[in-house]
Amino acid sequence: MSYSPGEIENKWQTKWSEQEAFEPKDDKTLEKKYILSMFPFPSGRLHMGHVRNYSIGDAMARYYRKQDYNVLHPIGWDAFGMPAENAAIKHGRHPKEWTYANIDYMRKELATLGLSFSETREFATCDELYTKWEQEFIIKMFEEKLLYRESTTVNWCEDCHTVLANEQVEEGCCWRCDNEVELKEMPGYYLDIRKYADELLEDLKLLEGKWSPQVLTMQSNWIGKSQGLEFDFKLSTASKEKLKGEFEGFDVFTTRPDTIYGVTYTALAPEHPIVKALIKNALLEAKVIEEIKNIANMTEVERAKAGKVGFDLGITVIHPLTGEEIPVWVANFVLASYGGGAVMSVPTHDERDFEFATQYDLPLKYVIEGGKEGEAYTGEGVLINSEELNGIKNTKAKAEVIKLFEEKALGKGTTNYKLRNWGISRQRYWGAPIPFVHCEACGLVPEKVENLPIALPEDVEITGEGNPLENHPTWSKCTCPKCGSEAKRETDTLDTFVQSSWYQFRYATDPKKWNACGIDKEDVNYWLGVDQYIGGVEHAILHLLYARFFTKALRDVGFIDDLKEPFNNLLTQGMVLMDGAKMSKSKGNTVDPDALVEKYGADTARLFTLFAAPPQKELEWNDSAVEGAFRFIKKLYDRRSKVSSKELPIIDHSSLNKEEKIARAKVYDALKKSIDVYEKTFTFNTLIAACMEALNALDKQENEQVWAEGLYIITHLLEPIIPHVCAELSEELFDSKNLQGKLEVLEEVFVQDSLTLGVAINGKRRNEIEVDAGASKEDIIAMAKASVEKWLEDKTVVKEILVPKKMVNLVVK
RNA sequence: GCGGAUGUGGUGAAAUUGGUAUACACGCCAGACUUAGGAUCUGGUGCUUCACGGCGUGGAGGUUCGAGUCCUCUCAUCCGCACCA
């Protein structure tokens, strides 16, 4: 019978499901492996990126399961989010109905791939039971002061009609729709991720060598720690009066305290309170006020494009060391959100300050030796024009100046972070409601835990205009959990990244307990951290930073025990490309997994994805290479006719002929390689290649025992990659015995009677010789010399190097 | 600008970690079987040369008996951040 993937795959998928073959065991004394591929958004159909992601994860899960590890390999659905609402707007379908229908369809697609997911642990993050526990966490974080509500400037996407977190703004545009992000002042809920900035940075060290350097540096840059001096600029008496005594001065932060004597002006962000006060009290020219307001309304991208723009604010501050009066400017390049929105400007040693100063003709004062007149010098050097600091190397002066400021109580050494707090409010319907209530008397009040979940209303109109929960006639009406008077329910919902920040703990929690708790500590203690996490680099900052933070926050509010990091090892898979570009619907260069499986079967789809490139690299799609993968499986399946015994034969290696010996060696080469591949390098392509080589070598000989042993081992090795055909072959040929436990490498097969050695002269390969395995060094050298005689004429051999089992190198003059 | 990575045949990629560069696969060429082949099988295939040979891992140096692998410099491509004071 020829290979028919449909039949075989159906048979085994049914069997596995009936046997509940992929459920983790309840026994916590067993050694565990938690293998997790990032869960999908139920967009409607699987794409090749999913196939790749899950093929990699499944290979690992099956490998460890076969070695008798207790394996947790779950799947679920990251089910809240904008696309569900867009579908509602476009096709008039309710987001909930759309989402669950998609899940049902995609679950079937996953099933046809034969992935070894646990079926009992599946959930969708939009399940009310999931929302319930998430809301409890949120309330607890509020009580523990990790969550707060405030009104501030936020990133607003008019297209998506919602606020975005900093991490969701890419080059000034919305990460989802690419619309330019506006700045807007409005209230929202924030998680205090800054409180964990240092821990998040420090613990990256625990992940070194386990996460890719790329992701680690991206996270570290995003957190953006820098150390420097923070101090107060006092307003001059006249300026203080001008501002009606409202301000004493303002704080600045600098990483260059060494340049303190070079300060010739200061600059404030357009949003700075002092600037606002000047505007409010009309202390600036009307034209200038207009311009400043203009800047404040610009997006960050627009500001960057506009070049450097600023205005003299007509007030001055006192230099803390020299007592000089220094002008205060407002400048469009000063960020409101960092370092207090104010900077000390040292045009001689900072490019930006220099550009600004040149443009507005502000004074320059060089304080570090080494630069040229007429440009900013940012290198190292000795201090000049710096009073008591003259002659000190600037690198050393940083600490000196901080010390000086601290002694005089003028300022202090500080650490600053680029990381901003995580804004989690979204003005959207399809998300988890933020479980708070606004009461006129009590203010912001969390919902009572026994009232959770606060569920979404089913009857809702989704038009794309405004916030559907806000527009709902009755939903937000409620009573205050504290005083019982009439109150208004919060209509913002949680960022969907909140759901994906703790799903790894939900999977680990035994489903029997899902009604009783959100996360079971004991279960989490057993299963976490995730031994292998697999997903795309696009989450290098967003999801992975949030999930790391949430882990630490959940620990501190008491929902999990001491756990530093959720994901011990991270494999970032490359994209799937077609003609050099990322597969996408809009480009029309997609390959439909369903059609692929229909035509060739799941095993071919899986084999190709793992064979065409190592998982970390981009995968270029190639139809004829898919054919090649299919051909290999057919060939493997066809060779079952070579085997008649059902046992792993015991072979007398010495009685074999040369081809038989080579075949065995190739088979065991593959077996040896497999441990490294499955446990360390994940370069499945090389293991598959080794199996192909082994099969090619087996084809060159006729020994039935060697064939039996070969297929016994090859199907064992490939089962995690092409499980259906291997299960089928294994059942037919070996009563499935080779799919349990470990196989041992027999070193004897690597012992060869004779070896082929390369012969090189001065490192240049000239010939090869065949030598007896037991030949002495002298004999080998002699043979080598004889084989390259023509190159040795008129030369003297000055050195002979024998690399055992590899080559001979003769150094001649 | 800063940071991270990657450069090997016509293509996807290997190389036991300093030891015969290009395994495996795709493609291509030739042959076999075929009415036919976009099926299957067999053989060949880095470049150059009639050949002996020469040249070959982005480029230039260096260390070494020996370098794709280590060191220095350099070029190109991809990704991330981007006025963070």
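Chain A is the first sequence line, chain B the second, and so forth, proteins listed ahead of strands; every chain is numbered from 1. Predicted model only: the values in this text are computed from it and were never measured.
- Between A:D198 and A:K225 there is a salt bridge, since at least one side-chain N of the basic residue sits less than 4.0 Å from a carboxylate O of the acidic one.
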(request) Give the C-alpha distance, both sets of side-chain angles, the deciding distance and a yes or no for salt bridge (Lys or Arg N to Asp or Glu O under 4.0 Å) between A:E271 and A:R303. (result) CA-CA 13 Å; A:E271 293 87 350; A:R303 282 194 209 189; 2.7 Å; yes
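- No hydrogens or angles considered: a donor-acceptor pair under 3.5 Å links the side chains of A:S624 and A:N622.
- Using atom C1' as the reference point in both B:U49 and B:G56, the two lie 15 Å apart (nearest Å).
- Side-chain atoms of A:T264 come within 3.5 Å of backbone atoms of A:P363 as a donor-acceptor pair (strictly under, hydrogens ignored).
- Distance check on atom P: B:U11 versus B:G59 gives 15 Å, rounded to whole Å.
- If you check B:G3, B:A85, B:G4 against the side chain of A:N221, the one that comes closest is B:G3.
- Straight-line distance between the P atoms of B:C29 and B:C79: roughly 35 Å, to the nearest whole Å.
- Summarising the geometry, the separation between CZ on A:R765 and P on B:G18 is reported as 22 Å, rounded to the nearest angstrom.
- No contact: A:T683 has no heavy atom under 4.0 Å from any strand.
- Counting non-hydrogen atoms under 4.0 angstrom, A:V803 reaches a base of the nucleic acid.
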(message) As a quick check of understanding, evaluate salt bridge (Lys or Arg N to Asp or Glu O under 4.0 Å) for A:K777 and A:E800, giving each step before the final call.
(response) CA-CA 10 Å; A:K777 182 175 175 182; A:E800 296 149 351; over 6 Å; no
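- Look at A:N809 and you won't find any side-chain N or O under 4.0 angstrom from OP1 or OP2 of B:U64.
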(request) Begin from the C-alpha positions of A:T686 and A:T683 and carry the test side-chain hydrogen bond (donor to acceptor under 3.5 Å, both in side chains) through to its verdict. (result) CA-CA 6 Å; A:T686 64; A:T683 50; 3.3 Å; yes
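- Evaluation of the salt bridge (Lys or Arg N to Asp or Glu O under 4.0 Å) rule for A:E351 yields no partner, not counting sequence neighbours.
- Taking A:E679 as the reference, A:Y63 meet the side chain to side chain donor-acceptor pair (under 3.5 Å) condition, with sequence neighbours excluded.
- A straight line from CE of A:M807 to C1' of B:A67 spans 12 Å, rounded to a whole angstrom.
- At the heavy-atom level, A:W621 lies nowhere under 4.0 Å from the strands shown.
- Here B:C81 presents its C1' atom at 17 Å from CD of A:Q168, a figure rounded to the nearest Å.
- A salt bridge links A:K672 with A:E747: at least one charged nitrogen is closer than 4.0 Å to a carboxylate oxygen.
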(message) Both atom distances under 3.5 Å, Watson-Crick or G-U wobble: I'd like the secondary structure of RNA chain B as a dot-bracket string, with | for pairs made across strands.
(response) (((((((..(((......[....)))((((((.......))))))(((....)))..(((((..]....))))))))))))....
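- For the pair A:W329 CH2 and B:A85 C1', the interatomic distance rounds to 18 Å; values are reported in whole Å.
- B:A67 and B:A21: their P atoms are spaced 10 Å apart (whole Å).
- Computed from coordinates, the A:I633 CD1 to B:A25 C1' distance equals 14 Å when rounded to whole Å.
- Look at the C1' atom in both B:C26 and B:U34: the space between them is 25 Å, to the nearest Å.
- Comparing the same atom, P, in B:C24 and in B:C33 gives a spacing of 27 Å after rounding to whole Å.
- Ion pairing between A:E748 and A:R664 holds under the 4.0 Å rule for side-chain N and carboxylate O.
- The stretch residues 413-421 of chain A touches RNA chain B through A:K418, each having a heavy atom within less than 4.0 Å of the strand.
- Rounded to a whole Å, the NZ atom of A:K634 is 8 Å from the C1' atom of B:A39.
- Of the N and O atoms on the side chains of A:R548 and A:Q219, at least one donor lies less than 3.5 Å from an acceptor on the other residue.
- Contacts of A:N696 with the nucleic acid, taken as non-hydrogen atoms under 4.0 Å apart, involve only primed sugar atoms and P, OP1 or OP2.
- A donor-acceptor contact closer than 3.5 angstrom links the side chains of A:K635 and A:N696.
- Across all strands, A:G628 comes closer than 4.0 Å only to sugar-phosphate atoms, never to a base (heavy-atom distances).
- In this structure, the side chain to side chain donor-acceptor pair (under 3.5 Å) partners of A:E627, at least two apart in sequence or on a different chain, are A:Y600.
- Nearest-nucleotide positions on RNA chain B for A:L810 and A:G172 put A:L810 closer to the 5' end.
- Rounded to an integer number of Å, the gap from NZ of A:K700 to P of B:U42 is 9 Å.
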(request) Check the pair A:Y546 / A:W222 against ring-ring contact (aromatic ring centres under 6.0 Å, His included), numbers first and verdict last. (result) CA-CA 12 Å; A:Y546 294 146; A:W222 191 262; 9.4 Å; no
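- Distance noted for atom P between B:A23 and B:A15: 13 Å (whole Å).
- Remark: P of B:A85 and CD1 of A:I260 are 16 Å apart, rounded to the nearest angstrom.
- Remark: the separation of the P atoms in B:G80 and B:G18 is 33 Å, to the nearest Å.
- Of the residues in residues 608-620 of chain A, A:F611, A:A612, A:P614, A:K617, A:E618 come within less than 4.0 Å of RNA chain B through at least one heavy atom, sorted by number.
- Positionally, the nearest nucleotide of RNA chain B for A:T217 lies more toward the 5' end than for the other of A:T217 and A:T681.
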